[in-house]
Amino acid sequence: MLEKNYNPNDAEQRIYQDWEKSGDFKPDMRSNKDSFSIVIPPPNVTGVLHMGHALDDTLQDILVRYNRMLGKKVLWQPGTDHAGIATQMVVERQLAKEGISRHDLGREKFIETVWKWREKSGGTICKQLRRLGASCDWSRERFTMDEGLSRAVVKIFVSLYKDGLIYKAKKLVNWDPKLMTAVSDLEVLQKETTGKMYYYKYPIEGEEGEFVHIATTRPETMFGDTAVAISKDNEKLKHLIGKKCKLPLTDRVIDIIADDHADPVKGTGAVKITPAHDFNDFEVGKRHHLEMINILNEDATLNENTPFEGLSTMEARQKTIEALEKLGLMEKIEDHPMVVPYGERSNAVIEPLMTDQWFVDAPKLAVAAIKAVENGDMQFVPKNYEKTYFEWMHNIQPWCISRQLWWGHQMPIWYADDGTIFCEETEQEAYKQAEKHFGKKVNLTRETDVLDTWFSSGLWAFSTLGWPDQTEFLDTFYPTSVLVTGFDIIFFWVARMMMMSMYQMKRVPFKKCYIHGLVRDEQGRKMSKSKGNTVDPMITIEKYGADALRFFMAASETQGRDVNVSDARIAGYRNFATKLWNAARFCEMNGCKYTKDFDPQKVQMDLNKWILAKADEATSEVTRNLNDFRFSDAANAVYQFVWGTFCDWYIELSKSVFYGQNEAEKKETQQTAAFVLDRILIILHPFMPFITTELWNNLAERDVKLIHAPWPEVKAQNTNASAIDWAIDLITSIRSLRADLNLPAGTKLTMFLDGLKQNHLDETKQMVLSLARLENIELLTTEVSKDMVQGAFSGGVFFIPLKGVVDFEAERARLSKELSELEGRLKGYKAKLSNESFVSRAPQKVVEEEKRRQSEALEQKQKLQEAFERIKDL
RNA sequence: GGGUGUGUAGCUCAGGUGGUUAGAGCGCUACGUUCACAUCGUAGAGGUCACAAGUUCGAGUCUUGUCACACCCACCA
């Protein structure tokens with residue numbers, strides 16, 4: 001017996017443990033069907049589950065469970081990311097509480113500490129994914145720093161290096177002075193602020209009283225100035241080109257050069273050029289072979305090349321202004337809106353800094369990655385995200401992959417004392433090559449930089465499957481079927497996976513990429529800790545159950561649009577689960593039990609034929625929508641079927657059978673109800689795996705677990721509106737009319753049915769009569785007279801005798817208007833169907849649809865005409 | 001500056017290829033607890049589909065323009 005109430009918290013954990021223990025998430029390698037695989041976007045090992053994960057992983061789990069039920073070999077490959085900066089920061093913060101810095105420990109000890117931390121607290125998010133119901137094959141869980149993946153990283157790195165696609169260069173990079181590492185362009189956030197624009201002047205060398213006027217937001221960088229640029233088209237100022245000016249507060253004299261970077265209408269028209277601290281100036285500097293003077297230390301304090309050594313940029317700025325004022329060179333200071341770059345992790349102001357860094361030649365790797373999308377080997381869903389992808393890929397910059405951190409993959413680079421670089425997979429090999437190169441044993445020093453986390457994530461699609469080893473899993477599951485992720489990750493991850501995979505595997509990492517939106521709060525605002533509007537999925541799960549949260553995510557996911565988390569809606573899906581539970585209880589109480597020998601083809605009763613047809617309809621709708629990644633349509637189709645069709649009508653109508661005396665009918669209905677309930681459990685399972693499993697296990701003995709139950713194949717569909725649809729329509733109309741007329745529910749009505757097709761009444765006579773009894777209506781067929789209220793429904797019209805309520809005049813007007821509209825439509829159908837090019841060019845399905853509409857409209861027209869005739873003279 | 005998307009009921013949102021009376025959930029109103037379910041049922045109110053013009057027998061849907069909003073990229077001496 002089912003309990004009166006369903007308790008998700010008990011059931012969900014119990015059921016999940018059984019799945020995992022029984023190995024239900026492992027792929028069935030004996031299946032002769034296709035393989036289906038997804039690699040999970042690896043969450044940061046430091047992370048806790050947020051609503052974004054809940055969405056992302058629910059969608060993946062739905063696809064995985066659906067495909068598993070289709071009988072395919074299914075792998076959902078889980079794992080976590082070592083998340084270089086994030087993890088290092090977390091551990092450093094912990095150490096800081098004990099008053100220790102990572103430098104106190106030293107590199108080796110620190111890394112040991114991080115590993116220990118990971119052992120202890122790194123598994124949180126995976127536990128939470130289990131709570132959500134994610135059916136990953138946990139026996140294959142990987143970590144971007146584990147032995148195998150590290151081997152993949154080293155191998156690819158060496159290969160890229162030897163192909164000339166990784167190189168070292170001294171370049172201007174985004175420098176995070178707090179973390180003291182380079183970061184990539186993508187890790188820099190531009191924030192709007194109100195700053196100041198400073199106007200001052202540099203004296204022209206050798207011309208007393210002559211000046212060149214400068215405007216800048218960062219006066220302290222003047223110590224790195226090595227030129228002043230003016231456009232050669234600048235009529236007012238071009239006479240200064242070729243002269244020299246004295247750089248105040250220094251003993252340097254710099255050239256005034258011609259360069260179009262200086263826009264005559266911006267600022268003063270003359271730009272100070274600081275090649276070592278500004279990306280544009282860097283380009284100018286390269287063009288004119290200017291000296292690059294670095295004025296900053298790694299912590300963004302000023303260095304010995306300035307008079308303000310050791311001061312922060314802000315302090316130095318103040319000092320510089322004061323000094324310029326003393327010299328009488330300062331002219332004015334204005335407020336100025338500007339954007340300042342911040343590090344996304346450290347939130348420190350990012351400084352462009354000249355450093356030695358390692359780069360991946362992304363523009364070269366992008367070529368194959370672009371092509372793979374152009375030729376459809378990898379398809380974005382929805383398609384328009386490929387525009388975003390192309391846009392970025394076509395303008396891609398070299399990718400800075402070196403990080404001056406400790407936690408991460410140390411680069412397989414060794415230097416000889418003279419700076420010669422050896423890039424090999426092992427230290428031994430590097431020494432061997434060095435000995436060969438120098439003709440003697442030499443001393444090597446390993447590069448201390450580690451790789452950008454996204455370097456190893458970029459290999460995820462094949463490294464987790466065993467590469468560089470040629471494994472069965474790699475053969476079976478690569479390329480993966482689909483990648484599911486948010487649009488904010490396209491550049492970080494999707495693009496890099498594409499580049500790395502095309503380079504190494506020569507094939508795409510995934511055939512499709514489903515892009516979903518962001519999870520927002522109820523009002524559509526971005527969730528953030530500082531706003532305090534975050535919702536913890538774990539709390540939601542405790543409150544409503546994982547099934548409710550999952551169903552919400554599925555039902556809200558409409559191809560790339562953002563999802564607003566709504567507590568009320570999640571509660572609604574909890575109610576839906578309760579509804580299903582109670583429907584199952586009803587079935588159980590009325591002896592509806594799954595039996596092996598039931599053949600749905602052999603049912604006799606209209607009611608049962610009808611619900612079976614509806615079940616097939618719902619099934620194919622779910623199937624079609626899941627195949628098209630239309631999650632909300634799929635979820636809504638099940639929802640509508642369970643609540644709106646099965647509970648609201650089938651169960652209600654079945655009562656007249658169960659409370660009646662016909663044992664044969666009763667048995668057929670019991671079997672049908674059990675069969676349809678099973679069908680519901682199957683098609684709902686990908687969305688609500690827990691409650692469906694709990695019911696499956698409790699309702700009957702089974703040959704197969706629900707998680708492996710075969711997905712039903714629906715063949716030809718009976719789309720004819722049956723007598724039951726007719727009866728439902730009738731009842732709805734009666735109820736509606738009764739309410740309109742303000743007749744209390746207890747009022748006994750006599751109703752005249754007129755114009756009915758006799759066979760309708762015969763087919764479902766018992767049903768209609770018993771329903772009428774429930775609705776307190778006495779059904780008669782008779783002539784219609786003047787004092788009748790008309791109700792219309794698909795079977796025709798019915799009348800209730802009441803005096804002076806109905807306005808036949810208005811009714812006639814309404815009918816004739818409808819008739820003329822219908823005429824228009826019929827004309828359209830006819831025109832379209834007689835149009836050669838439409839019939840020959842449009843897909844068969846569309847033409848059929850059009851024909852169906854036409855015949856429906858014809859039928860409708862006939863009915864309306866009959867109805868009109870009937871009331872014509874009243 | 002370049003790009004992408006959005007504007008539909010009080011709220012949050014659905015509305016593949018134009019086609020019956022524009023839908024859902026929540027909220028609201030009225031009524032209803034007899035044995036699946038009050039985490040419920042029945043009925044109802046509520047919409048100039050941002051605005052304007054166009055194509056069409058027919059436009060929420062297609063075209064053009066306008067207005068508002070959101071996001072992404074680049075730049076701002």
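Chain A is the first sequence line, chain B the second, and so forth, proteins listed ahead of strands; every chain is numbered from 1. Side-chain atoms are counted along with the backbone in the values below, which use heavy atoms only and exclude waters and symmetry mates.
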### Message
Regarding A:T194 and A:D335, do their side chains bring together a donor and an acceptor under 3.5 Å, going by distance alone?
### Response
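No, because no side-chain N or O of A:T194 sits under 3.5 Å from a partner of the opposite role on A:D335.
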
[Y] and [X], any side-chain heavy atoms less than 4.5 Å apart:
X: A:T226; Y: A:P275; result: yes
X: A:V565; Y: A:M51; result: yes
X: A:R317; Y: A:Y198; result: yes
X: A:N564; Y: A:Q523; result: no

Looking for any heavy atom pair under 4.0 Å, which part of the strands does [X] touch: base, sugar-phosphate only, or nothing?
X: A:T558; result: sugar-phosphate
X: A:R561; result: sugar-phosphate
X: A:Q523; result: nothing
X: A:M589; result: sugar-phosphate

Using the [atom1] atoms only, state how far [M] lies from [N], rounded to an integer number of Å.
N: B:G5; M: B:U48; atom1: C1'; result: 25 Å
N: B:A70; M: B:G32; atom1: P; result: 48 Å
N: B:G3; M: B:U56; atom1: P; result: 31 Å
N: B:U12; M: B:G19; atom1: P; result: 27 Å

### Query
Has A:R520 got a side-chain N or O lying under 4.0 Å from the OP1 or OP2 atom of B:C71?
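A:R520 to B:C71 OP1/OP2: no side-chain N or O under 4.0 Å.
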
### Message
OP1 or OP2 of B:C73 versus the side-chain N and O atoms of A:N395: is any pair under 4.0 Å?
### Response
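Checking B:C73 against A:N395, no side-chain N or O comes under 4.0 Å of OP1 or OP2.
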
### Message
Using a 3.5 Å limit on both distances, find every run of at least three consecutive Watson-Crick or G-U pairs that involves RNA chain B.
### Response
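The stems that RNA chain B takes part in, listed by first number, are B:1-7 with B:67-73, B:10-13 with B:23-26, B:28-32 with B:40-44, B:50-54 with B:62-66.
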
### Query
By salt bridge (Lys or Arg N to Asp or Glu O under 4.0 Å), which residues pair with A:D278, not counting sequence neighbours?
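A:D278: no salt bridge (Lys or Arg N to Asp or Glu O under 4.0 Å) contacts found.
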
### Message
So, using salt bridge (Lys or Arg N to Asp or Glu O under 4.0 Å) as the criterion, who are the partners of A:D233 when residues are at least two apart?
### Response
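A:D233: no salt bridge (Lys or Arg N to Asp or Glu O under 4.0 Å) contacts found.
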
### Query
Does the pair A:K272/A:D281 count as a salt bridge with the N-to-O cut at 4.0 Å?
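No salt bridge links A:K272 with A:D281.
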
### Query
Is any side-chain N of the basic residue among A:E351 and A:R218 closer than 4.0 Å to the acidic one's carboxylate O?
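Counted as a salt bridge, because a side-chain N and a carboxylate O are separated by less than 4.0 Å.
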
### Query
Starting at CD of A:E386 and ending at P of B:G3, how long is that distance when rounded to a whole Å?
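Between P of B:G3 and CD of A:E386: 17 Å.
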
### Task
In whole angstrom, give the distance that lies between atom OH of A:Y573 and atom P of B:U12.
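These atoms are roughly 16 Å apart.
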
### Task
Nearest-nucleotide wise, let me know which of A:Y659 and A:S632 is further upstream toward the 5' end of RNA chain B.
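With A:S632 and A:Y659 compared, the 5'-side residue is A:S632.
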
### Side chain of A:N564 (C-beta onward), nearest among B:C13, B:C72, B:G16
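Nearest listed nucleotide: B:C13.
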
### Task
Check every atom of B:G25, B:U6, B:G16 against the side chain of A:R569 and return the nucleotide holding the closest atom.
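From the listed options, B:G25 comes nearest.
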
Enumerate the protein-to-nucleotides 37-41 of chain B contacts in which both atoms are nitrogen or oxygen and the separation is below 3.5 Å.
{"residue": "B:C37", "atom": "O4'", "partner": "A:N582", "partner atom": "OD1", "Å": "3.3"}
{"residue": "B:C37", "atom": "O4'", "partner": "A:N582", "partner atom": "ND2", "Å": "3.4"}
{"residue": "B:C37", "atom": "O2'", "partner": "A:N582", "partner atom": "ND2", "Å": "3.3"}
{"residue": "B:C37", "atom": "O2", "partner": "A:K579", "partner atom": "NZ", "Å": "2.9"}
{"residue": "B:C37", "atom": "N3", "partner": "A:K579", "partner atom": "NZ", "Å": "3.2"}
{"residue": "B:U39", "atom": "O4'", "partner": "A:N575", "partner atom": "OD1", "Å": "3.3"}
{"residue": "B:U39", "atom": "O2", "partner": "A:R574", "partner atom": "NE", "Å": "3.0"}
{"residue": "B:U39", "atom": "O2", "partner": "A:N575", "partner atom": "OD1", "Å": "3.4"}
{"residue": "B:U39", "atom": "O2", "partner": "A:T578", "partner atom": "OG1", "Å": "2.4"}
{"residue": "B:C40", "atom": "OP1", "partner": "A:N575", "partner atom": "ND2", "Å": "2.9"}
{"residue": "B:C40", "atom": "O3'", "partner": "A:K579", "partner atom": "NZ", "Å": "3.2"}
{"residue": "B:G41", "atom": "OP1", "partner": "A:K579", "partner atom": "NZ", "Å": "3.3"}
{"residue": "B:G41", "atom": "OP1", "partner": "A:W643", "partner atom": "NE1", "Å": "2.5"}

### Residues in contact with RNA chain B, drawn from residues 634-642 of chain A - heavy-atom cutoff 4.0 Å
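RNA chain B contact set from residues 634-642 of chain A: A:Y639.
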
### Task
Specify the residues of residues 262-269 of chain A, ordered by number, for which at least one heavy atom lies under 4.0 angstrom from an atom of RNA chain B.
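Nucleic-acid contacts, sorted: A:A262, A:D263, A:K266.
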
### Query
Is B:G25 in the syn range, within 90° of 0, or in the anti range?
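Anti for B:G25; the angle lies over 90° from 0.
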
